[in-house]
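Below you'll find the structure, written out as C-alpha cells, and then a few comments.
Numbers restart at 1 for each chain; the letters A, B, ... are given by sequence-line order, proteins then strands.
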Protein chains: 2
Amino acid sequence: MTDHVDNDGAASPKLGFRPLYQQVRDMFVRRLVDGRWTPGQALPSEMELAAEIGVSQGTVRKALDALAAENLVVRRQGRGTFVAEHDEARILFQFFKLAPDDGERAFPESRVIHIARGAATPEEGARLALKRRAQVIRIDRVRLLGGRPAISERVTLPAALFPGLDAREVPNNLYGLYAAGYGVTVANARERLKAVGLPPEQAAHLDVAPGAPALLIDRLAIALDGSPVEWRVSYCLTDGFHYASDLR
Amino acid sequence: MTDHVDNDGAASPKLGFRPLYQQVRDMFVRRLVDGRWTPGQALPSEMELAAEIGVSQGTVRKALDALAAENLVVRRQGRGTFVAEHDEARILFQFFKLAPDDGERAFPESRVIHIARGAATPEEGARLALKRRAQVIRIDRVRLLGGRPAISERVTLPAALFPGLDAREVPNNLYGLYAAGYGVTVANARERLKAVGLPPEQAAHLDVAPGAPALLIDRLAIALDGSPVEWRVSYCLTDGFHYASDLR
DNA sequence: TAGTGGTCTAGACCACGCA
DNA sequence: GCGTGGTCTAGACCACTAA
C-alpha cells in the first residue's frame, strides 16, 4: 500500500496543516486518477474504508461527502457509494448549459465535419499547457438542437492523451469516450462567454448569414489531476435557446 | 417563541420526514427573513443556539454549514458566525459574472438614465409573480467597465416591496440597498443568456452601431423566502470582457 | 433480514482571533 | 487566556435497498 495518511510527527510543523478528511479525500482522488477505482464501480463501505485506512468512519464520511459535492462519486442510501459516470444525463445537466426557451432539455445530435491531427499552434499549446511542437487532435463538428443546426464547434485535444482517437468513430458524448476509452475523467470546466458576429465558416455550417449574433463559448475542461485536457470553442445560435446559469 | 422543532409525534408519519438539521436550518432562515437576524450581525455561538433550541451542537453545526454553503452566513474561525452582507465584494464575485479578458475584476460605475413607476405589463407581472395591475418601479441605467459604457440595463421591481425607491438616490450597489433599506435579501438568481443584435435604444446608450452583437442577460433575482424580487435585462458589450462560468 | 448510507449525539482536542 | 469555529472520534438509531 503506497497510500498513507500522516498528520503527526515532524512532517506537520506549523504551516502545511491539512485536515485528515481532506487527506483522505486526496487519497481517494488518487485512486480515481490511477484507475484503481473506475466509473460505475461500487466503493467499499465506509466501515471497510475506515478500517483499511485507520481513521474513524466519520472521517471517511466527510471525505466521501466532499467527493459527492464535486460530483466525483454518487451516494445512494441503502446501496452504497459509486464512482460517477459521464453518462448523458450527467453531461446534460452538469456541462451542457444550453436549453430550449420552453420545453424539456434534450441532448444534441452531432455531425462531425472534420477530424485531423497536427502540431499545436502557440495558442493551443498555451491553453492546453503543452510542450513546444506537441501534437493535437482537432475535431470540427456541428450539433443540432431540436433538429436544427445550432452549434458549430472545434474541440482541441492533446494527441498524447488520446492515442488513435482521430482514427476512430467519434461518439456524441465525448466525455464518456474520454473516460471509458482513455481513463481521462473531466472533473470540471471553465467557460468564458461572449457575443460575437458569426464568422463566415461557422455561418456556412449553421446555414445562416455571416455576422449574425452568436454566443461564443470558450471552454477549458480540467481533469481529475487538475491538468487541462480539452479546449473547446463553440459558436451557438440562441434563438429559441438560451444559456442557463444559476447564481447562488 | 414561535419557532419549534418537532420530529416525533403524529406529525411525522411516513412521508414528510425532514432531518432535524434541515428543520433547524429552516428555522434560522425564518429568523433571517423576518429580520430577527440582520446582515452583519454576529450569531450566538453554536453552543448557545444548541442549548436554546434543544438539539446537539453538531446538529446546529450542520444547519449553519448549510447556510454558509448558500452564502447566507459567513463563518470565521476564532471569531464567530455572521449574517452575510451584500457588500461590493460579495456582489462582484457572486452575482456579477462579467470580467475583463485580462486584468483584475472591478465593480462597474453606474449612470441612471431614467427611473419611474407604472402599472406592470403582463410580462413583468408574470416574471415577478404580481397581481393584476400591480405597480412596478423601472430603472434604466448604463454601467461602465474600465471607464467605457458596456452595459445598458433595465431593472424592474415590485413597487409594493420598495416604497419610495423611485424618489431616492439610487446607489451603485442595488442589492445592498434592497437589504439595508427594505430588508429584502437576494438569496440567489437565475440567469438566461443569449446573443442578440443590439436594439437602437441600447445602442445609443452604449455609443455603438445598432445591431452590433451583444450579450443579453435576463436575470430573475430570488429573495430568501423564494419569491422573485427583481427582474433585470442587461445588454452587454463583450469586447475586452467575458461572462465567466465555472462548471463543477 | 442484513447491509448500506443518513442522522443525531456527546465529548475531546486543535487552530485561530483577540484582548 | 479565553471563546470561537474546525476536526476527529465513537456509538446509537433511522431509512432505504435488495435478496
Polar pairs (N or O, both sides) under 3.5 Å between protein and nucleotides 9-11 of chain C?
{"unit_1": "C:dT9", "atom_1": "OP2", "unit_2": "B:Ser56", "atom_2": "N", "d": "3.1"}
{"unit_1": "C:dT9", "atom_1": "OP2", "unit_2": "B:Ser56", "atom_2": "OG", "d": "3.0"}
{"unit_1": "C:dT9", "atom_1": "OP2", "unit_2": "B:Thr59", "atom_2": "OG1", "d": "2.2"}

Problem set entry | By side-chain contact (heavy atoms from CB on, under 4.5 Å) - contacts of B:Leu32 (at least two apart) |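 For B:Leu32, the residues satisfying side-chain contact (heavy atoms from CB on, under 4.5 Å) (neighbours in sequence not counted) are B:Trp37, B:Leu72, B:Val83, B:Leu224.
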Sorted by chain and number, sequence neighbours left out, ring pair (Phe, Tyr, Trp, His ring centres under 6.0 Å) with A:Tyr178 holds for A:Phe162, A:Tyr175
Below the 4.0 Å mark, does D:dC8 have OP1 or OP2 next to a side-chain nitrogen or oxygen of A:Lys62?
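Answer no for this pair, as no side-chain N or O of A:Lys62 is under 4.0 Å from OP1 or OP2.
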The complete set of side-chain hydrogen bond (donor to acceptor under 3.5 Å, both in side chains) pairs with one or both residues in residues 78-89 of chain B, sequence neighbours excluded, reads B:Arg75-B:Thr81
Please list, chain by chain and in numerical order, all residues satisfying salt bridge (charged side-chain N to carboxylate O under 4.0 Å, His left out) with [X], sequence neighbours excluded.
{"X": "A:Arg141", "value": "A:Glu153"}
{"X": "B:Asp225", "value": "none"}
{"X": "B:Glu109", "value": "none"}
{"X": "B:Arg148", "value": "B:Asp239"}

- Please list residues of residues 38-47 of chain A whose heavy atoms come under 4.0 Å from any atom in DNA chain C, ordered by number; otherwise none.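 The stretch gives A:Ser45, A:Glu46 as the residues lying under 4.0 Å from the strand, ordered by number.
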So, with a heavy-atom separation below 4.0 Å from DNA chain C, the residues of residues 76-88 of chain B are B:Gln77, B:Gly78, B:Arg79
Please report, rounded to the nearest Å, how far the [atom2] atom of [N] is from the [atom1] atom of [X].
{"X": "B:Gln22", "N": "C:dG6", "atom1": "CD", "atom2": "C1'", "result": "11 Å"}
{"X": "A:Glu48", "N": "C:dG3", "atom1": "CD", "atom2": "C1'", "result": "10 Å"}
{"X": "A:Arg75", "N": "C:dG3", "atom1": "CZ", "atom2": "C1'", "result": "14 Å"}

Side chain to side chain donor-acceptor pair (under 3.5 Å) filter on B:Arg154, not counting sequence neighbours, yields B:Asp140
Hits for side chain to side chain donor-acceptor pair (under 3.5 Å) against A:Ser245, two or more places apart or cross-chain, chain-then-number order -> B:Tyr243
Per salt bridge (charged side-chain N to carboxylate O under 4.0 Å, His left out), B:Asp218 is matched among B:Arg127, B:Arg190, B:Arg192 by B:Arg127
